[in-house]
Structure formats: structure tokens, C-alpha cells
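Input: a single structure, listed below in C-alpha cells.
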2 protein chains.
Amino acid sequence: MSDKSNGIEMLRSSINTICHLNDQIIDAFLSLFTAHKLQNGSDFIREGVMGKHICFVTEGIFRSYYISPKGEEKIKHFFLPGTFFAPLTSLVTNQPSPVYIGTLKDSEYLSADYNAIEVLYTEQPELNKLGRKLAEWAWIGKERRETQLIMLDASSRYKAFREEFPGLERQIPQYHIASYLGITPVQLSRIRANLK
Amino acid sequence: MSDKSNGIEMLRSSINTICHLNDQIIDAFLSLFTAHKLQNGSDFIREGVMGKHICFVTEGIFRSYYISPKGEEKIKHFFLPGTFFAPLTSLVTNQPSPVYIGTLKDSEYLSADYNAIEVLYTEQPELNKLGRKLAEWAWIGKERRETQLIMLDASSRYKAFREEFPGLERQIPQYHIASYLGITPVQLSRIRANLK
DNA sequence: AGTGATCATTAACATAGGTTAATGATCACC
DNA sequence: GGTGATCATTAACCTATGTTAATGATCACT
């Protein structure tokens, strides 16, 4: 379940659903990844640090989040097994990361050095297609999130969250869900009481 | 300022700031674009229609927006000259567009057929790099927007809007700005009164 | 079983923002 | 210079959500 070879196969099949590339390119890409573990509550990257890796979740739960001037954590996204995460703003802009990424459970992931991927992009231009597809799908995710934040009230966002991350609300404290929804735990509790 | 050749040169220099590609590939890419005009208040694409083009603004102002179940327009983004727009969700998912895109001023743009770009992606794999970069930067924009929606109150979002789109608030009705900020025109008016 | 830690719920009150409607301001057009 | 259209402002009232604090519930550890 958690040894490296299975994680790599999980990654391979994930890539295959995203775009068609010949096996040689995919193998070269996969060879850049190594497996890691991270304890519950640890950060993969913190604000102010340069991003260096692209990652793929094989086990556990990750989140990306900000810390507000008041010291409150604001969760932007949850990452479950089978999904990619990266401090993309940092990687693309070559600036320190504005965002934290960390675990909400003992977790496992594969990571690849972004510079090494960029070298491979040059050697194997077709690989850019994978990068393009990943960025496009990531954009679509953000766009959907933006739509929910602008169009829906907190109660509807909560319902949308439960459909988008089924079962997740039973695995993590509710204040993390409130943070993702952009409300306080108190308000989430009221919303839950209301839905009964 | 607005004839085709200058629009194309504007697009060329925009591409050059995004990524390095050899001239042959860029010329092939540019040759896919044609110039168009759109009157103030017209839609480039409406919800429910399949997206077919990628566009580049050469003049005027575009917006992407949703219409809520109550019939209210919710503006997601403004596009000014020198920027790209596309019904990306529709193009990538091959589903009808969930979003409207239209003008807030008499406007001009270049558009290219997405299928033709995909053919060129296959013939010239390096071109995927441009697509990747565009999607990455678009993602960063959405991520910043998400951060503002989650972290800032409406007054701070208004200040951020003025920095991000300097001068724009003098060119369009304020209710469009309120829509972008996720508040009512009444609330925006209160915020403006407060800032004085 | 008892204790402390952590988190969810509830209540009481405060505030940001929504709703409706009236009032002003600006501008195009006759 | 009036008139209507469009939009911004203001006011009065309402609702969703934030804040603070108290109360419950659950679990881990002794």
C-alpha cells in the first residue's frame, strides 16, 4: 500500500488518465520521483521558503493554507491520495512561497525536483503536454472554488464541500472545514444544526 | 493601434515575455489568430455553448461572469489589453461553457481555433510549453483571487482591486466592481464613503 | 473512575453586508 | 433648458456571520 513501487504505479496510472505519452517519456518522468513520509501536523513547505518540488499524494491528507495577519490558518485546498500538489506560485515566479502545505494525517507522497523536471521538459518536449494538462486541470479546480466563494453562501459551500470531499469531514476536525469554507467553527456548527 | 498587424505584434511580444520558442513555432502559432471587434455589452460566449477559441485582448475591456439562479451577474475576472482569455473549462473538459465572457466597452481581440492549436501542439511539441506557462500564470491569478476572497473583507478587496486594475474603476459602472468584489453596489458605496 | 486536553455546541451580543426604497447626480437627447 | 434614463448615494431595517465565553462531549492517560 505504501511502499515506493506501488506509489509509482499509482502515479503512472494517474498520469495515463491525464494524457497519452510514450512509455519512455513516462518512465523518465517517473524516475525523478522519490517516496517520502510526513507525520500528521508537519509542514511540507512554509511561507517564505523557496519551492523546489512537485508532489503526488499516495497516502493520507495534505492541505495548503495561509496564515492571516491575526495568526489564523486559512485552508485553501485539501489534497487526497491520487492528486498532485506543489508550491506552484513559488516554482513559477521564483519567489518564496506565499503558502504553507502540510499534513492533517500521517501521510506519504512522491516528490520530484522541479529543476530536474525542467531539464526533462527540454529533453522531451512532449512532456510539456503533461505539464500543460496538469496546470489546466489545476486552473479548473481553482475556478470552481472561486465560483463557489462568489456565488454560494456558507451553507451551500458546506454542502458542496461534502460532495467534493466525501468522507473527509469525518477524518479531520471541523475547524479545518470551517477554515476551508471561510467561516468560523461557531458558524459551521450553526449551519450543521440548521441542516438537521 | 487596432489593425490586425499591430494586434499580432502585441500578441507576439506578449508571448515572448512568457517563454522562449523559436520564431518558426511562434509564427505558426500567430498565423492561427484572426482579429475581431465586439461592441460594448456583447457576449463572446454564453453559458451552455461549447468553447472553441483562445483569445487575446488588443483593445477595450472584457469580463468573465456567471449568472446566478436569481439572475444576478457575478463577475469573475476583467481582461484588459495584453491579456488572454478563453472558456478554458469548456475547452479542456469538452463540456458546454459554465461561464459567460463579454465586453464592457467596444473591444477588439484576436482569436484562434482551439482545435487548430491542438494540431499545432502535436506537430510542434515545444508549443505545449507556451500552453503550460499560460495555464500556470492563469492558475496563479486564480490562486491570488481565492486568497483575497478567503482572507480579506470587502473593503480590503476593494483596495486590492484598485491596485490590480488601476484606473479601471473610472471606466466602468461601479455595480460591475461590486459584482467582482462579491458585494452589492450599496455596500460598495458604503465602503467608498467610509474610505473618505 | 478521575483528570486534563481537545474540540463541538450553544448563547448573547456585535458587526458586515443584504434588501428595499427614496433621493441625488450625471448625461444624452429633444 | 427640460426630460428621461442610468447610476451612485443614503437611510432604515433585516440576516448571516463574527466574537467571546460558557457548557458538553469525547478521548487518552493515569
Side-chain angles (χ1 to χ4, degrees), chain A residues 39-42 61 63 65-75 78 102-106 146 148-162 165 167-196, chain B residues 39-42 61 63 65-75 78 102-106 146 148-162 165 167-196:
Chain A
Q39 267 198 330
N40 182 13
S42 312
I61 304 172
R63 62 168 172 161
Y65 64 106
Y66 279 84
I67 295 185
S68 80
K70 289 188 203 156
E72 302 156 321
E73 294 176 352
K74 307 281 188 175
I75 296 184
F78 298 110
T103 57
L104 297 176
K105 239 187 165 180
D106 290 351
E146 178 191 20
Q148 290 175 1
L149 288 170
I150 279 263
M151 303 259 291
L152 305 181
D153 63 14
S155 177
S156 304
R157 293 205 297 278
Y158 175 56
K159 290 179 210 155
F161 160 80
R162 291 198 298 189
F165 297 101
L168 183 53
E169 68 176 329
R170 268 171 275 117
Q171 297 180 64
I172 60 178
Q174 306 219 346
Y175 61 79
H176 283 141
I177 298 167
S179 169
Y180 175 76
L181 298 176
I183 57 179
T184 59
V186 174
Q187 182 61 10
L188 177 55
S189 182
R190 285 191 283 236
I191 287 168
R192 287 160 52 86
N194 242 316
L195 291 180
K196 277 185 253 168
Chain B
Q39 267 199 330
N40 181 14
S42 312
I61 304 171
R63 62 168 173 163
Y65 64 105
Y66 278 84
I67 295 185
S68 80
K70 288 187 202 155
E72 302 155 319
E73 294 175 353
K74 307 281 189 175
I75 296 184
F78 298 110
T103 57
L104 296 176
K105 239 186 165 181
D106 289 351
E146 178 192 21
Q148 291 176 359
L149 288 170
I150 279 262
M151 303 258 293
L152 305 180
D153 63 13
S155 177
S156 304
R157 292 204 299 278
Y158 174 55
K159 290 179 210 154
F161 160 79
R162 290 197 299 189
F165 297 100
L168 183 53
E169 68 175 329
R170 271 172 271 119
Q171 297 180 63
I172 59 177
Q174 306 218 348
Y175 60 80
H176 283 141
I177 297 166
S179 168
Y180 175 76
L181 297 176
I183 57 179
T184 59
V186 174
Q187 181 62 9
L188 177 54
S189 182
R190 285 192 284 234
I191 287 169
R192 286 159 54 87
N194 242 316
L195 292 180
K196 277 187 254 167

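Below, chain A is the first sequence line, B the second, and so on; all start at residue 1. Only this structure's heavy atoms are used, side chains among them; waters, hydrogens and symmetry mates stay out.
- With rounding to whole Å, A:N40 atom CG is found 14 Å from C:dT6 atom P.
- What you find for B:I67 and A:M151 is that their closest heavy atoms are O-CE, 4.3 Å.
- If you take CD1 of A:I183 and C1' of C:dT9, they are 14 Å apart, rounded to a whole angstrom.
- Between the A:N40 side chain and the A:K105 main chain, a donor and an acceptor come within less than 3.5 Å of each other.
- For A:Y65, the ring pair (Phe, Tyr, Trp, His ring centres under 6.0 Å) partners at least two apart in sequence or on another chain are A:Y100.
- Side chain of A:T103 to backbone of A:G41: a donor-acceptor contact under 3.5 angstrom is found.
- Whole-Å rounding puts the B:L104 CG to D:dC7 P distance at 12 Å.
- Looking at residues 167-178 of chain A, you'll see A:P173, A:Q174, A:Y175 sit with a heavy atom under 4.0 Å from some atom of DNA chain C.
- Other residues, nucleotides and ligands contribute at most 12 non-hydrogen atoms within 6.0 Å of the CD atom of A:Q39.
- Regarding A:M151, its CE atom lies at a distance of 15 Å from the P atom of C:dG18, rounded to whole Å.
- If you take OH of A:Y158 and P of D:dA16, they are 18 Å apart, rounded to a whole angstrom.
- Within the structure, a side-chain polar atom (N or O) of A:K70 is placed less than 4.0 Å from OP1 or OP2 of D:dT19.
- Listed by residue number, the members of residues 186-196 of chain A with any heavy atom below 4.0 angstrom from DNA chain D are A:V186, A:Q187, A:R190.
- The distance between atom CG of A:L181 and atom C1' of D:dG18, rounded to the nearest whole Å, is 15 Å.
- A donor atom on one side chain and an acceptor atom on the other are found under 3.5 Å apart for B:R192 and B:Y158.
- When rounded to the nearest whole Å, the span between CG of B:L149 and P of C:dA16 equals 19 Å.
- Side-chain N or O atoms of B:S155 include none that pairs as donor or acceptor with a backbone N or O of B:I191 at under 3.5 Å.
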